[in-house]
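Following: one structure in structure tokens, then a few remarks.
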Amino acid sequence: MTSAAASRTLPVLTVLGALLVVWYAAAAWLNAPQVIERQLSDRPGWSFTELLPLTWAMERPVLPAPQQIALDMWRSTVDWPLDSPRSLLFHTAVTAASTLVGFVMGTLLGLALSVLIVHSRTLDRSLFPWIIASQTVPVLAIAPIVIVALGSMGLTGVFPKSVIAMYLCFFPVTVAMVKGLRSPGVMELELMHTYAASAGHTFWKLRVPASLPFLFPSLRVGIAAALVGAIVAELPTGAQAGLGARLLTGSYYGNTVQIWSALVMSALLGLALTGAVAWAERWLTPGGRK
Amino acid sequence: MKPVEAGVGLRPVVEVAEMSVKFAGEPPVIALDRVSLDITEGEFISLIGPSGCGKTTLLRVIADLEQATSGGVMVNGMSSHDARLARAYGYVFQAPALFPWRTVLANVTLPLEVQGMPREHARETARVQLERVGLKGFEGRYPWQLSGGMQQRVSIARALGFEPKLLMMDEPFGALDEITRDRLNEQLLRLWERERRTVIFVTHSIPEAVFLSSRIVVMSPRPGRIVEIIESRLPADRTLDIRETPQFIDIAHRVRVALHDAHD
């Protein structure tokens with residue numbers, strides 16, 4: 001390992017270590033009352049060293065210990081075929097699919113809106129308040145309505161969930177791209193003016209490249225928002241498939257380990273998706289600008 | 001080949017007649033007041049004056065970046081608007097205004113792409129222009145990898161790419177240190193001697209104006225007017241050393257007096 005890589009991984013590992021210590025302590029603290037009540041009540045004179053391992057191995061703990069979550073994730077990905085509803089990867093793939101479709105739709109919508117807003121003063125004034133208002137409505141409230149409405153039109157499966165993902169995703173893209181497309185200064189615009197450049201040339205050769213540094217951070221926010229949207233959209237569908245469904249069934253049956261493994265999996269999925277966007281950014285932004 | 005004597009008997013490139021520019025406001029600002037100026041082919045004209053004298057405004061009106069309130073401006077016998085659409089001039093701004101996402105070469109091809117020149121032809125032209133401003137070997141760099149003086153040279157190469165007959169420069173070296181500025185002045189003079197494009201050059205440096213110009217237009221502020229036009233007939237193959245000669249000092253003195261009188 002090079003020293004540069006070491007200097008980057010060391011802080012991450014330190015934080016992870018600290019997190020695990022706090023987690024185990026919290027698990028012991030939160031699970032101890034139940035362990036004492038259920039498992040140690042018939043064993044008077046139990047000691048702390050007897051209590052501690054029991055708090056980290058409960059079947060339905062208040063807070064599962066990390067190794068329980070890791071084991072559950074391992075079993076639910078390895079023990080079942082990929083197309084089984086008991087496989088965690090199956091649910092992850094379902095959520096990832098609606099997230100990605102929603103992300104693409106949201107990005108396209110955000111780009112279209114930003115182009116319209118930048119090129120029309122009227123649309124700037126008339127659209128922007130609605131766009132902002134759309135984000136003040138809690139997604140938890142609007143998701144069931146959209147799912148039910150689209151369901152009654154015969155649209156089920158990935159599409160309705162993607163609509164919710166899109167709904168959360170287009171906003172950061174729109175706001176950032178409006179700012180990005182407007183980022184060229186007076187001098188750059190006048191330069192194009194002296195070339196007698198058409199509006200199309202000014203757009204493609206100046207505004208679009210100038211907006212890319214604004215676009216990519218918003219895509220990272222957007223894809224994370226799309227993931228939240230996709231998971232929220234899975235809650236009211238009667239919990240058929242997806243990480244949201246996994247969360248919901250877990251809480252129905254008090255299966256906290258399953259809830260946590262779905263949570264960790266959605267965090268990993270979020271990391272993978274934002275990482276993919278960051279990777280795309282490095283590929284598509286030339287010059288390693290300052 | 002004998003260099004053409006500056007300002008002698010060629011066709012007019014820029015004709016400014018009784019032109020005024022008023023900026024709205026309370027009270028309105030008269031940036032230029034009935035300015036008249038004819039510039040013939042092959043001249044190197046400097047516009048000099050204190051800030052607020054309208055020298056940049058005059059340049060911008062000729063370039064159709066600003067509109068005259070009254071009076072006329074003709075460029076190559078056309079209105080300034082038509083001249084811009086005909087891509088009659090190259091314009092160099094105070095700052096390089098290079099696009100950071102484009103390499104040096106791609107920055108110079110930008111106006112050529114806008115003109116619709118085929119890609120390979122544009123790249124070849126850009127390479128030649130970069131070599132002329134002494135930037136051979138820097139084609140693949142990005143602007144932020146260059147010094148301020150080199151960036152401004154890229155912007156000059158960019159303005160010269162489509163071979164405009166008229167080159168307008170708005171204090172192009174204003175932000176540079178004096179040593180870089182001297183060197184660029186000499187390079188610009190060599191370029192002008194070689195190609196005899198018409199140049200309109202805005203500056204507030206007297207030595208720069210005297211060194212470069214065939215005519216120096218001295219302007220006064222509030223309202224912007226032309227107070228004097230000073231002819232300068234320094235030898236064509238001059239170098240920076242000429243600044244020590246009595247001839248140079250005499251012209252510089254006349255410019256200074258004109259500026260001083262204008263201020264009273």
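With a 4.5 angstrom heavy-atom cutoff, A86(B) does not touch chain A via any of its atoms. Residue contact with chain A, scored on non-hydrogen atoms closer than 4.5 Å, involves the side chain of R87(B) exclusively. Heavy atoms of R141(B) lying under 4.5 Å from chain A are absent altogether. In this structure, the portions of E113(B) lying under 4.5 Å from any heavy atom of chain A include both its backbone and its side chain. Of the two parts of A97(B), the backbone and the side chain both hold a non-hydrogen atom closer than 4.5 Å to a non-hydrogen atom of chain A. Both the backbone and the side chain of H193(A) come within contact range of chain B, judged by heavy atoms closer than 4.5 Å.
Among the candidates V228(A), L227(A), V232(A), the single residue satisfying the side-chain contact (heavy atoms from CB on, under 4.5 Å) test with L168(A) is V228(A).
Ranked by heavy-atom pairs shorter than 4.5 Å toward chain A, the options F93(B), Y91(B), Y89(B) are led by F93(B). Highest contact tally toward chain A, considering only R102(B), R60(B), Q115(B), is held by R60(B) [criterion: heavy-atom pairs under 4.5 Å]. Of the listed residues M192(A), K205(A), E188(A), the one with more heavy-atom pairs under 4.5 angstrom with chain B than any other is K205(A).
Atom CG of residue L215(A) and atom NZ of residue K179(A) lie 15.0 Å apart, to the nearest 0.5 angstrom.
A side-chain donor-acceptor contact under 3.5 Å links T203(B) and E208(B). Between the side chains of T56(B) and E171(B), not a single donor N or O lies within less than 3.5 Å of an accepting N or O.
Atom CD of E178(B) is surrounded by 12 or fewer heavy atoms from other residues, nucleotides or ligands within 6.0 Å.
Both tests do not hold together for R194(B) against W192(B): distance to the six-membered ring centre under 6.0 Å, angle to the ring axis within 45°.
In this structure, Y142(B) has its ring center at least 6.0 angstrom away from the ring center of W144(B).
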